[in-house]
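Side chains are part of it too, since the values below use all heavy atoms of this structure and drop only hydrogens, waters and symmetry mates.
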Amino acid sequence: MSVKAHPLSRRARVMVPAVAAALLVATTAACDSDTTSEGTSSSVRTLTPDHSEHEESPSEEQSPDAQQSPRTQQSFAASVSAETERLRQEAVKRLDGVEGRGNAVADVSVSGLPVAASEEVRSARVRVTNPTDEPAFYAVKVEFVDAEGKVLDTVVVGVEDAPPDRTVDAQADSRKAAGVKTFPRVAQAERG
């Protein structure tokens, strides 16, 4: 008794080698480079145009930790701090002429983040929900108050290009309120 193969299984047997060959060619083409980019480790093996393998000699090879990457953690942290400060300054300017609590208090909520006794800052999570149809800049003034309602510190944060109908987070940090049980609250919020 002979078993007749299903027509689909014949096509599959023909297609598998063709797909595998196409993937192999695409992968080889993607690796076919003798250049390195800023994010490529120098210890990565690459194929040069003549398809010979290039690798540093063992004496030249260093561990990734021993090499200074083009963008160190410190430079990354500095760029993040600079961007945060730029947004803060923009938010301060926008809140300068605002009367009352602003036009976006309903779009913003804050909650305190847990802290350890040894921490030097008190942090609050600022959540902004943009109900409009356009990306918007939000300027938010957060007050850190103690149990009696006394304002210990005021921090301004800016949220740039908050997407429409989405919620984004930012963080407000206070050094003045560190070590004290505080409660963050939204003092002002302006969308614009």
Side-chain angles (χ1 to χ4, degrees), residues 36-44 62-192:
T36 58
S37 67
E38 187 173 306
T40 304
S41 171
S42 61
S43 63
V44 173
Q62 297 176 345
S63 72
D65 293 337
Q67 295 176 344
Q68 179 107 12
S69 68
R71 186 157 188 187
T72 64
Q73 288 179 343
Q74 292 156 335
S75 70
F76 177 73
S79 68
V80 168
S81 292
E83 178 64 9
T84 301
E85 180 58 21
R86 182 189 70 77
L87 291 173
R88 188 194 70 76
Q89 288 177 4
E90 177 67 24
V92 167
K93 286 179 194 173
R94 292 185 185 213
L95 288 173
D96 190 35
V98 172
E99 292 184 24
R101 296 191 65 206
N103 66 6
V105 173
D107 301 352
V108 180
S109 66
V110 295
S111 58
L113 295 175
V115 293
S118 62
E119 289 190 56
E120 296 177 8
V121 296
R122 181 75 171 120
S123 298
R125 178 182 184 187
V126 179
R127 301 200 76 180
V128 174
T129 303
N130 181 358
T132 69
D133 296 333
E134 299 286 327
F137 185 94
Y138 279 81
V140 181
K141 184 184 288 184
V142 177
E143 292 177 337
F144 289 87
V145 297
D146 65 12
E148 287 80 41
K150 178 182 173 191
V151 177
L152 301 178
D153 196 9
T154 301
V155 178
V156 175
V157 296
V159 177
E160 189 170 52
D161 295 329
D165 207 26
R166 302 259 321 265
T167 300
V168 294
D169 290 343
Q171 187 168 316
D173 296 321
S174 169
R175 291 192 182 280
K176 293 179 185 175
V180 179
K181 177 74 172 170
T182 58
F183 306 92
R185 68 181 179 201
V186 177
Q188 283 184 313
E190 184 75 10
R191 178 182 61 246

Roughly how far, to the nearest 0.5 Å, is CZ of Arg88 from NZ of Lys93?
11.0 Å
Give the C-alpha distance, both sets of side-chain angles, the deciding distance and a yes or no for side chain to side chain contact (heavy atoms under 4.5 Å, CB included) between Val155 and Asp173.
CA-CA 7 Å; Val155 178; Asp173 296 321; 6.0 Å; no
Looking at Asn130 and Tyr138, what are the two nearest heavy atoms and their distance?
CA-OH, 3.3 Å
Note: Pro184 and Ser111 closest approach over all heavy atoms is CG-C, 3.7 Å
Approximate separation, where rounding is to 0.5 Å, of Glu90 CD and Phe137 CZ:
5.0 Å
With a 3.5 Å cut-off and sequence neighbours excluded, list the donor-acceptor pairs that the side chains of residues 185-192 form with protein atoms.
from	atom 1	to	atom 2	distance (Å)
Arg185	NE	Glu143	OE1	2.8
Arg185	NH2	Glu143	OE1	3.0
Gln188	OE1	Lys141	NZ	3.3
Gln188	NE2	Gly100	O	2.8
Glu190	OE1	Asn103	N	3.0
Glu190	OE2	Asn103	ND2	3.3
Arg191	NH1	Asp107	OD2	2.3

Separation between CG (Asp146) and CD (Glu148), nearest 0.5 Å, reads 4.5 Å
Interatomic distance, Lys181 atom NZ to Leu152 atom CG [nearest 0.5 angstrom]
13.0 Å
Take atom CG of Asp133 as the centre, draw a 6.0 Å sphere, and report whether it contains more than 12 heavy atoms from other residues, nucleotides or ligands.
no
Only distances under 3.5 Å count here; give the side-chain donor-acceptor pairs of residues 159-167 to other protein atoms, sequence neighbours excluded, each with its distance to 0.1 Å.
from	atom 1	to	atom 2	distance (Å)
Glu160	OE1	Arg86	NH2	2.9
Glu160	OE2	Arg86	NH2	3.2
Thr167	OG1	Thr129	OG1	2.7

Side chain to side chain contact (heavy atoms under 4.5 Å, CB included) assessment of Phe144 paired with Val180
CA-CA 10 Å; Phe144 289 87; Val180 179; over 6 Å; no
For Arg122 and Pro114, indicate whether the former's side chain and the latter's backbone hold a donor-acceptor pair under 3.5 Å.
no
